[in-house]
Amino acid sequence: MFTQKTDHFNPQDTRTFQQRFWSNDEYFGTNSDIAIIYINGEGPVMSPPHMENDEVVILAKHFSGFICTLEHRYYGLSLPFKDLTTPNLQYLSSKQALNDLANFQTSMDQMLAKKHNKMPKPGNLLAYKWIVIGGSYSGALTAWYRLKFPQLTIGGVASSGVVNAILKFTEFDEQVSESVGPACAAVLRKTNRETEAALLKDPVGLKAKFNASSCVVNGDFYYLCADTMAESVQYGYQQHLCKTFMTANKTGANLVDTFAKYMNEFFYPIFGHADTYATANQQITNVTMMMNYRQWWYQKCSELAYFQIAPPKDNIRCHLLDLEYHRKHCAAVFGMNLWPNTNWTNTYYGGATPRATKVVFMNGSQDPWRRASVPKDFHYGSEDSYIVTCQNCGHCVDLGGCPGGCLNPQSLIKARDFVIAAVANFVAEADVEADLKEQ
């Protein structure tokens with residue numbers, strides 16, 4: 001456990017909480033001066049990165065690096081308070097999280113230095129050269145950490161880094177359509193329209209068929225339906241998704257029944273149950289380690305948005321998933337008129353063009369979230385953005401591979417080689433800077 005300040009921005013507030021962290025020194029060389037901090041996002045942590053196919057482990061092996069990771073405040077068991085009432089959530093923000101990281105990293109560097117009898121080189125704050133890595137929201141934190149604390153790390157890897165805080169994120173649904181292709185998108189639209197019509201005729205019976213009776217608010221059920229399709233694409237299962245529904249449509253099978261079967265037998269076992277979408281469940285303030293949906297909605301409603309709104313035309317998701325649904329949902333869940341100022345967030349961090357140096361941005365070609373990352377031709381500082389192009393290349397593909405199977409694995413290998421080369425450049429540049437300071 002690491003003792004962390006509850007509020008980094010009020011010097012009069014001396015409250016602290018215990019924040020969980022993990023480390024992995026399996027690949028740490030005796031004389032190595034490389035350390036990797038993996039940023040966690042909106043969920044609990046069970047262990048440090050340790051799987052063979054994990055990009056963090058691949059980098060640690062290549063550079064003989066030390067790995068450590070910190071659980072994000074308010075998630076898992078890293079809790080400033082005993083419950084998640086709305087007043088208690090006021091210290092849940094990206095700004096607080098970045099300061100958590102800075103405080104933790106500085107302490108870890110001192111601990112490592114003491115253990116291995118290592119001193120910072122002249123002019124350096126830290127004894128080790130730190131690389132920061134994260135994916136999705138934590139990919140955004142990676143870029144923002146480089147922006148706000150550039151002196152603490154020598155570079156970063158932002159995988160699917162959603163740096164653009166978009167209020168009306170219609171592009172998400174548009175990317176789902178583009179990723180699955182016109183024929184599949186048309187069948188997915190047809191399936192949702194038929195499901196919406198069936199809901200109006202018999203809401204209780206239909207929700208029971210989908211094992212989604214907890215979604216009393218129809219908008220919550222529509223969100224579940226949208227995510228069932230979108231997350232299949234997001235995580236590289238679009239081939240399975242499209243094959244299921246296009247086959248059903250071609251053979252004349254009932255698309256609503258097909259959808260219910262898909263949700264029950266495929267979506268729920270992999271991605272979780274319908275209860276997490278229910279307003280009533282998101283209102284629960286009791287703490288459980290695996291709970292993350294109330295906290296994540298608070299971050300979206302107070303600061304980050306990413307509200308996945310139905311586009312004005314050719315929408316796959318229900319057209320009722322509009323800005324008004326999100327406004328009512330935020331108010332209902334948190335019992336107050338909570339609404340994000342995404343313009344302020346983007347002004348503070350830079351939006352789609354953050355001015356953080358020495359960050360390599362990685363995105364999967366079919367990931368809907370890449371529309372909230374940097375543009376494909378973005379260049380700032382020393383690195384370009386990089387899009388991993390392949391079938392089933394989804395969210396954070398470079399970090400963990402393709403859950404649904406990369407159909408062009410060579411593109412993933414090439415992407416990881418790009419990351420290794422970028423990190424090698426960061427290390428080389430840091431060595432040159434250190435030598436100059438010693439002269």
Side-chain angles (χ1 to χ4, degrees), residues 40-44 71-97 135-141 162 164-170 172-173 212 214-228 230-231 234 267 271-310 317-318 320-342 344-345 368-369 372 395:
N40 283 288
E42 66 282 20
E71 190 168 61
H72 196 295
R73 59 170 52 208
Y74 286 89
Y75 292 97
L77 295 177
S78 297
L79 304 166
F81 302 98
K82 293 181 179 180
D83 58 45
L84 298 171
T85 61
T86 300
N88 282 348
L89 290 171
Q90 65 181 295
Y91 305 105
L92 174 54
S93 71
S94 61
K95 290 175 67 178
Q96 296 282 5
S136 194
Y137 162 58
S138 69
L141 289 177
V162 287
N164 193 5
I166 303 173
L167 184 66
K168 294 180 64 176
F169 195 14
T170 57
F172 187 93
D173 199 75
S214 58
C215 293
V216 176
V217 178
N218 285 350
D220 298 348
F221 178 74
Y222 293 142
Y223 222 105
L224 168 65
C225 291
D227 264 10
T228 299
E231 289 197 14
Q234 175 179 329
F267 182 77
F271 297 104
H273 201 263
D275 291 353
T276 62
Y277 290 83
T279 297
N281 283 336
Q282 293 174 12
Q283 292 170 332
I284 295 173
T285 60
N286 296 335
V287 171
T288 61
M289 188 176 77
M290 300 307 294
M291 181 177 180
N292 71 335
Y293 37 91
R294 177 172 172 82
Q295 302 96 304
W296 181 234
W297 268 102
Y298 181 84
Q299 290 194 262
K300 292 195 295 182
C301 292
S302 65
E303 178 187 21
L304 302 173
Y306 310 128
F307 293 149
Q308 295 162 22
I309 306 295
R317 67 186 54 228
C318 179
L320 295 174
L321 292 175
D322 55 10
L323 212 57
E324 186 60 22
Y325 163 80
H326 288 84
R327 190 182 299 277
K328 290 179 178 178
H329 187 73
C330 290
V333 170
F334 300 105
M336 61 181 292
N337 185 22
L338 188 65
W339 197 244
N341 186 345
T342 52
W344 184 93
T345 302
W369 285 103
H395 201 49

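Side chains are part of it too, since the values below use all heavy atoms of this structure and drop only hydrogens, waters and symmetry mates. Note that the structure is predicted; figures quoted are calculated from it, not measured.
When the shell of 6.0 Å around NZ of K168 is examined, it contains 12 or fewer heavy atoms from other residues, nucleotides or ligands.
Applying the side chain to side chain contact (heavy atoms under 4.5 Å, CB included) test to Q90 and every residue at least two apart in sequence or in another chain returns Y298. Partners of R73 under the salt bridge (charged side-chain N to carboxylate O under 4.0 Å, His left out) rule, at least two apart in sequence or in another chain, are D100. For E42, there are no salt bridge (charged side-chain N to carboxylate O under 4.0 Å, His left out) partners, not counting sequence neighbours.
Residues N88 and D83 bring a donor and an acceptor atom of their side chains to less than 3.5 Å of each other.
Note: H72 and Y137 meet the aromatic proximity criterion, with ring centroids under 6.0 Å apart. Between H326 and W339, a ring centre-to-centre spacing not shorter than 6.0 Å is recorded.
With rounding to the nearest 0.5 Å, the separation of CG in L321 from OH in Y223 is 7.0 Å. The structure places CG of L304 at 11.5 Å from CG of L167, a figure rounded to the nearest 0.5 Å. Rounding to the nearest 0.5 Å places OG1 of T285 at 14.0 Å from NZ of K82. Atom CG of residue N286 and atom CZ of residue R294 lie 10.0 Å apart, to the nearest 0.5 angstrom.
Counting heavy atoms from C-beta on, the side chains of S138 and N40 never come closer than 4.5 Å. Within the 4.5 Å cutoff, no side-chain heavy atoms of I166 are placed close to those of T342. Residues F307 and F172 fail the side-chain proximity criterion, which asks for heavy atoms closer than 4.5 Å. The shortest side-chain heavy-atom distance between F221 and N218 does not fall under the 4.5 Å cut-off. Looking only at side-chain heavy atoms (C-beta outward), H329 and T279 come within less than 4.5 Å of each other. H395 is listed as a side-chain neighbour of S136, based on a closest heavy-atom distance under 4.5 Å. In this structure, F334 and Q283 have side chains that are not in contact, with every pair of non-hydrogen atoms separated by 4.5 Å or more. Using a 4.5 Å heavy-atom threshold, the side chains of D227 and Q234 count as separate.
In this structure, the side chain of Q295 does not engage the main chain of Y75 through any donor-acceptor pair within 3.5 Å. Within the 3.5 Å criterion, the main-chain N or O of E303 finds a donor-acceptor partner in the side chain of T345.
Using bins of under 30°, 30° to 60° and over 60° for the plane-to-plane angle, the ring pair F169/W369 lands in the tilted bin.
Summarising the geometry of S214 relative to A278, their closest heavy-atom pair is O-CB, 3.2 Å, with the distance given to 0.1 Å. Across all their heavy atoms, P368 and A230 have their closest contact at CG-O, 4.4 Å.
Taken together, C318 and C225 fail the criterion of an SG-SG distance shorter than 2.5 Å.
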